[in-house]
Amino acid sequence: MDERAYDERRLRDFRAGRTRGFSRRDLMRLTAAIGAGAALPVIPAAPATAAGPIVKPLPEDLFRLFGTNAEMRWSAMRDQGYYVPVDRFFVRNHTVTPEIDPATWALEISDLGRGRSTFFALDDLKRLPCETRPVAIECAGNGRSFYTTQQGQTVSGTAWQLGAIGVGRWKGVRLSTVLRRAGIGRDAVDVQPIGLDPNFVSGGVDLGPVRRPFPISKAFDDVLLAYELNGEPLPADHGFPLRVVVPGWIGIASIKWVGRIDVSPEPLFSPWNTQFYRLFGPDFPAEGRPFDRQVIKSAFELDPGTTFPAGTRTRLTGRSWSAAGPIRETTVSTDGGVTWRRARPYGSTPGNVWQRWEIDWTPTAGDHVLQARATDVRGNTQPETARFNTLGYLFDAVVRVPVTAA
Ligand SMILES: Nc1nc2c(c(=O)[nH]1)N[C@H]1C(S)=C(S)[C@@H](COP(=O)(O)O)O[C@H]1N2
Ligand SMILES: [Mo]
């Protein structure tokens with residue numbers, strides 16, 4: 001499916017006021033209300049109690065913490081396999097991890113065109129044909145801090161380094177299977193999963209539950225409703241009992257703790273595809289450019305500031321990934337970008353979600369800058385500079401990692 005065309009069409013719908021759920025007028029009212037504390041039309045709150053901001057342990061050696069969010073330290077992936085274990089998988093919560101009773105929980109498929117709902121208990125979903133897929137969940141803002149530290153630009157949002165990505169083995173039922181069972185209308189154009197976590201409040205304005213639409217073509221292509229991660233029941237922080245998994249798309253598409261999925265014959269909008277997760281700035285239209293797909297990145301499996309023994313051969317390891325296709329090659333510079341060498345790819349690549357690589361290096365005493373640059377099979381390559389946008393999304397440039405040898 002052509003996501004660029006979908007984004008362009010939605011931008012035209014939005015400009016023309018052909019919207020449902022969150023209109024351009026809502027956006028203008030919202031923009032006016034922020035700071036003034038006024039309220040928008042309220043979407044019913046989720047009937048969930050909070051289990052805590054994040055439930056699982058977040059040891060200092062595996063995570064960096066930012067309020068309700070925690071990113072993985074890349075040193076935590078050294079000597080790990082292809083998948084990111086749950087104990088180090090990043091967490092991005094708009095509010096808190098809710099506590100949901102799987103016995104009373106049900107998934108509602110709400111066909112807005114027909115005004116009709118169909119419900120599926122967890123056991124119903126588990127009885128449907130299942131599928132297991134390697135998929136990356138990556139926050140659209142992964143790498144955001146480098147807009148500031150490398151490019152001197154001010155952006156808002158969580159100051160992630162590169163650890164807001166996790167690759168997991170997700171098991172569940174295809175969304176298409178469930179939509180067919182629910183017998184949704186043929187005129188459906190968008191679907192919108194809605195989370196059961198508490199409503200997100202921004203600038204004193206209740207924006208309702210976390211939700212973001214995607215096109216029916218994507219829903220019928222490769223979207224999964226997952227109830228297992230890496231062979232275990234979905235952990236509380238990652239969406240128990242059920243989450244949406246949208247391959248190749250930014251993390252916000254993969255709604256956790258899903259309670260309802262709206263299916264609509266008209267385009268849907270929410271604050272998460274109008275106000276947030278849109279590209280704003282001098283290079284973009286005033287109402288922002290919609291986007292859905294992730295970009296290309298590389299990371300070394302080490303923390304910035306690591307000290308190596310001088311004059312001793314060490315093995316640098318890392319991973320590269322692109323939402324556009326498999327990685328063709330990764331080159332590494334250990335001298336601040338003067339010379340580049342090809343890293344050796346290794347290991348199996350289920351689903352081609354990312355590629356592990358390694359390269360030897362014998363550092364001289366002193367400070368050094370490490371860089372890795374990936375190119376995918378479609379010819380996308382990491383640029384020197386990422387395109388500035390005020391919310392700091394889609395940082396794809398080569399990251400400079402300072403290290404020392406002594
Ligand atoms: N219901 C709900 N779904 C959500 C979110 C949320 O706060 N609430 N955060 C989104 C964002 S911004 C990201 S990047 C991913 C993070 O998934 P993870 O916490 O399992 O790593 O979940 C997405 N799904
Ligand atoms: Mo995100």
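Since this is a predicted model, take the numbers as computed values, not measurements. Remember, it's 1-based here, ligands and their atoms both numbered in the order they're listed.
- Using modelled atom types and a 3.5 Å distance limit, the side chains of S145 and Q161 yield no donor-acceptor pair.
- The environment of R378 atom CZ is sparse: at most 12 non-hydrogen atoms of other residues, nucleotides or ligands sit within 6.0 angstrom.
- Annotation: ligand 1 has protein neighbours F89, F90, V91, R92, N93, H94, I137, C139, G195, D197, V210, H238, R243, G251, I252, S254, I255, K256, W257, Y277, each with a heavy atom less than 4.0 angstrom from the ligand.
- Taking the six-membered ring wherever Trp is involved, the centroid distance between the rings of H238 and W257 does not fall below 6.0 Å.
- A cation-pi arrangement, defined by a distance under 6.0 Å to the six-membered ring centre and an angle within 45 degrees of its axis, is present between R373 and W340.
- The six-membered or imidazole ring of Y227 lies away from that of W170, with a centre-to-centre distance of 6.0 Å or more.
- S320 and W357 share a donor-acceptor pair across their side chains, judged by distance under 3.5 Å alone.
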